[in-house]
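Below is one structure, written out as structure tokens; comments come after it.
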Amino acid sequence: MHRLRAIFRWGTRHIDPERLWLQYGFALLLTLCLLTAVHFVSDAIGRHSDSATETIDASGRLAVRSQQILLLAKNAPGLDGAGRDAMAQLTQDFETTYQALLQSEIWANRLQDHHDGGLAPLNSLITEFAGLANQMAIRPAEESPTVIARLQELHGPLGMFDALQTSASLFTAQSRSEALRLQYILDTILIISGVALVVVALFIFLPAQLMVKSVIKELRNKTAVLCSSQKQLRDMNDQLNHLVSHDALTGLPNRAHMSEFMNSLMDTGKVRKYGVLFIGLDGFKAINDTIGHESGDLLLTSVAGRLQRCVDDDDLVARVGGDEFLLTTTEPPDDVAKRILTTFEDPFGINGRNITLTTSIGYLTTCFENRQPDQILGNAAIALHAAKSGGGRRAVAYCPRLGEDSALMRQLQIELRDAIRDGQIEPWFQPQVNLADGTLHGAEVLARWRHPTRGLLTPDRFLPAAERAGLIVELDHAIWQAAIRQAERWQADALWRPQISLNAAPDTIADPHLIEKLLKRIQEASLESDQVIIEVLETTLIESADDMAAINIDTLAECGISLELDDFGTGYASLSKLTQLPLAGIKLDRSLIAPLPDAGADSVVRAILALAAELGLSVVAEGIEEAEQAEHLNVRGCAIGQGYGFGRPMPPNEFTNWLGKHANEQLVAGRAA
Ligand code: C2E
Ligand code: CA
Ligand code: CA
């Protein structure tokens, strides 16, 4: 066992599996050589035994023929014809046999070695004997006795017969020993072959076999390891697929998964048509900012749960954006949309707080002919956009007109860059009035696009396009520049000391070049910094996690440029923001002013005015259309008013005319419009 192990070690160390064929080749060659040697030796043995048998046979026959010749000669001294023929035949056979024996080298050599004088004496005896026997066949009968006597003498006393017999036995003995020698050689070769084969088996085949066995074992082990790692890999792949196709926060499928699902719905032919709902959460960013991101995440998870409860198991709900969800359903989509809107009427309980959240939904029914997920989702998104633009908290069904609006939006995006460059977007001015004495306070600058083919476009038509095209900053700066130049002209003409309020989009506030450009323009126009007010939306402040926006807001205040919070009362600005930011004032949204003097609206307005007074913020009331509203606000302590009641937004020349008429008069809402 120990040795076997040693051989195994030797074998596995010295045998290279790649060169195993060499070892096998060597073993095969050795076996072939041994077989060839065995073949040749046994062939030699065969040949030797054949020739020995023949020679022994011939040698015996020679002795027998000599006796037959002598017997024939003795028994018939006067041979008749038949006797003579027999004698002649015997004699010829005797001679032929002898000649053949002489040809057999082994026989001749053995005899040469045996007889003292070599073969010559025996040869002459045989030659004479044969000669006399031949004479017997042809000579006359009277000569026979002498010939017979001589034959007898040659055969007997002179020792021919003995010599022949001795030769035969001698040769037989010699042949036997030769055969033994050859047999010995054969045996030796066979033993060597046996040993060689054992050596080959032990040192080549056994180690090779053991090595192959160990390689197979190793391979099996590796296969087992491979199988297990393959399984791990499959598991990981499954996990990865799940991660790739699902949203990590809510665990809902993501957009890619939804697209695949929509493809498979139609491909399997299970359904011919189904509903798709694109659901957006209204003002989620503001809520998220107010309640904190951790609670925001919980809120999203609750929303996901509620949406899932609104549909069957066969329907799929996916999260496709921060505050956007997609839903496919086999029910009529308007039913599902209504159910979702109703479900959202109940507030969400998050970390002990009740949070009211509304949704906007864009929906459509898709059919086999219109089955491209991208197209379907694009249309649902257009409908969602329409729902949001309509003020949210509603569901809008997709219709081709919405698609056309969206196409128009794309067209405007394309045209906008040139329009800004060519000055098609112009500043219009809407007066702001001191409510206490009716004097002109300032003007808000509002953008208008004098479109060459579509006529005059208001901001609601082109601002979304500018935002989508990434041109809103450029647009704001263009409007500001034109407005400041106009203010410069009014100042130069001494028509009034202009104070203009410029609207700034969130992106504009975050523009790194904002301060530098604005200050340059104000200085070039020889205006004071208090003649320019920047109006920002609540979302700007809420989303100004952006450092640049925060820096700009602080810098504006440091430069003496007032900042007013636009559309106050519509959003979710936390009151703390009002104190944290360097705001100069707020602008009350039209929606708060319109119901005045309604008692409910009045109490809200009063509360806001009290808060603003407490914080030292000025207040501008927007959307004053009636004198009654202006009066009411004045009584409540609101300092400034703006609205159609005092004056609509006007192009510069019209505003100049308006100034000419009204600059020095006391403006009363409802009269100047
Ligand atoms: P905003 O800043 O709240 O502007 C007031 C809007 O209310 C203006 O609409 C104005 O025409 C309208 N308005 C004023 N008084 C009354 C009224 O008595 N009744 C009614 N029904 N409406 C009144 P407009 O000009 O269509 O502007 C819409 C919005 O577009 C603006 O709302 C502002 O957020 C934005 N915007 C306008 N110009 C610019 C601009 O140059 N840059 C940026 N970023 N936004 C602008
Ligand atoms: Ca404004
Ligand atoms: Ca406003």
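Order of listing sets the numbers, starting from 1, for every ligand and every atom in it. Here, residue 1 is the first one in the sequence, and each next residue gets the next number.
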(message) Is it the case that the side chain of Gln432 and the backbone of His441 share a donor-acceptor pair, with hydrogens and angles ignored and the cut-off at 3.5 Å?
(response) no

(request) Tell me which protein heavy atom sits closest to atom 13 (N) of ligand 1, plus the residue, atom name and distance to 0.1 Å. (result) Tyr644 CE2, 3.8 Å

(request) Return a yes/no value: protein heavy atom under 4.0 Å from atom 9 (O) of ligand 1? (result) no

(request) Could you tell me which atoms of ligand 1, counted from 1 in the order shown, lie closer than 4.0 angstrom to a heavy atom of Asp566? (result) 1 (P), 2 (O), 3 (O)

(request) Identify, by atom number and element, the atoms of ligand 1 in contact range of Ala505, meaning under 4.0 Å from any of its heavy atoms. (result) 44 (N)

(message) Counting only nitrogen or oxygen atoms and a 3.5 angstrom limit, does Asp460 reach ligand 1?
(response) no

(request) Go through the side-chain N and O atoms of Glu444 and Gln430 and say whether any donor and acceptor fall under 3.5 Å apart. (result) no

(message) Can you tell me which portion of Leu502 lies within the under-4.0 Å heavy-atom range of ligand 1? Options are side chain, backbone, both, or neither.
(response) neither

(request) Under 4.0 Å from a heavy atom of Pro649: give me the atoms of ligand 1 that qualify, with their elements. (result) 11 (O)

(request) Tell me yes or no: between the side chains of Arg489 and Gln486, is some donor less than 3.5 Å from an acceptor? (result) yes

(request) Compare Glu622, Glu467, Arg590, Gln629 and give the one whose heavy atom is closest to atom 21 (N) of ligand 1. (result) Arg590

(request) Within a distance under 4.0 Å of any heavy atom of Asp476, pick out the atoms of ligand 1 and give their elements. (result) 40 (C), 41 (O), 42 (N), 43 (C), 44 (N)

(request) Mark the output for Arg448 as yes if a heavy-atom distance to ligand 1 is under 4.0 Å, and as no if none is. (result) yes

(request) Quick one: look at Ile479 and ligand 1, take heavy-atom pairs under 4.0 Å, and tell me if it's side chain, backbone, both or neither. (result) side chain

(message) Looking at ligand 1, would Lys587 count as a contact under a 4.0 Å heavy-atom criterion?
(response) no

(request) With the side chain counted from C-beta on, respond yes when Phe278 and Val396 share a heavy-atom pair under 4.5 Å apart, and no when they do not. (result) no

(request) Within a distance under 4.0 Å of any heavy atom of Leu463, pick out the atoms of ligand 1 and give their elements. (result) 30 (O), 35 (C), 36 (N), 45 (N), 46 (C)

(message) Within a 6.0 Å radius of atom CZ on Arg485, are there more than 12 heavy atoms belonging to other residues, nucleotides or ligands?
(response) no

(message) Taking 3.0 Å as the cut-off, does Asp566 contribute an N, O or S atom near the Ca ion (ligand 2), distance below it?
(response) yes

(message) How far is atom 31 (C) of ligand 1 from the closest protein heavy atom, and which atom is that?
(response) Leu446 CD2, 4.2 Å

(request) Report the name of the N/O/S atom of Glu444 located nearest to the Ca ion (ligand 2). (result) OE2

(message) Counting neighbours of CD on Glu294 that are heavy atoms of other residues, nucleotides or ligands and sit closer than 6.0 Å, is the number greater than 12?
(response) no

(request) Mark yes or no for whether Arg468, through its side chain, and Gln413, through its backbone, hold a donor-acceptor pair below 3.5 Å. (result) no

(request) Output yes when a protein non-hydrogen atom is found under 4.0 Å of atom 2 (O) of ligand 1, and no otherwise. (result) yes

(request) First locate atom CG of Asp282, then atom OG1 of Thr359, and finally report the distance between them rounded to the nearest 0.5 Å. (result) 6.5 Å

(request) Distance to 0.1 Å, residue and atom name: give those for the protein heavy atom nearest to atom 27 (O) of ligand 1. (result) Pro459 CG, 3.6 Å

(message) Ring of Phe462, cation from Arg454 - is the NZ or CZ under 6.0 Å from the centre and inside 45° of the axis?
(response) no

(message) Any N/O/S atom, side chain or main chain, of Asp567 closer to the Ca ion (ligand 3) than 3.0 Å?
(response) yes

(request) Using a strict 4.0 Å cut-off to heavy atoms of Asp567, name the atoms of ligand 1 that fall inside it. (result) 3 (O)

(request) Using a strict 4.0 Å cut-off to heavy atoms of Gly623, name the atoms of ligand 1 that fall inside it. (result) 16 (C), 17 (C), 18 (O)

(message) Run Arg606 and Asp602 through salt bridge (charged side-chain N to carboxylate O under 4.0 Å, His left out) and show every step you take.
(response) CA-CA 6 Å; Arg606 260 175 34 211; Asp602 179 50; 3.4 Å; yes

(message) Is it the case that over 12 heavy atoms from other parts of the model lie below 6.0 angstrom from the CZ atom of Arg339?
(response) yes

(request) Determine whether the aromatic ring centres of Phe655 and Trp490 lie less than 6.0 Å apart. (result) yes

(request) Look at atom 15 (N) of ligand 1 and say which protein heavy atom is nearest, naming residue and atom and giving the distance to 0.1 Å. (result) Gln430 NE2, 2.9 Å

(message) Is Gln642 close enough to touch ligand 1? Criterion: a residue heavy atom under 4.0 Å from a ligand atom.
(response) no

(request) May I ask you to check if any N/O/S atom from Glu622 comes under 3.0 Å of the Ca ion (ligand 2)? (result) no

(message) The test is salt bridge (charged side-chain N to carboxylate O under 4.0 Å, His left out); show your working for Asp405 and Arg401 and say whether it passes.
(response) CA-CA 6 Å; Asp405 286 354; Arg401 192 190 55 77; 2.9 Å; yes

(request) Considering heavy atoms of the protein only, find what lies nearest to atom 19 (N) of ligand 1 and give residue, atom and distance to 0.1 Å. (result) Glu625 OE2, 2.6 Å

(request) Could you grab the distance from atom CG of Asn657 to atom CD of Glu654, nearest 0.5 Å is fine? (result) 7.5 Å

(request) Using distance alone, determine whether Ala447 and ligand 1 share an N or O pair under 3.5 Å. (result) yes

(request) Output yes if Asn503 passes the N/O/S-under-3.0 Å test against the Ca ion (ligand 2); output no otherwise. (result) yes

(request) Using distance alone, with no hydrogens and no angle criterion, decide if Glu415 and Gln424 have a side-chain donor and acceptor under 3.5 Å apart. (result) no

(message) Between Lys587 and Glu564, does the salt bridge (charged side-chain N to carboxylate O under 4.0 Å, His left out) criterion hold? Intermediate values first, please.
(response) CA-CA 7 Å; Lys587 292 190 78 178; Glu564 280 180 1; 5.3 Å; no

(request) Looking only at protein heavy atoms, identify the closest one to atom 39 (C) of ligand 1 and say how far it is in Å. (result) Asn503 CB, 3.8 Å

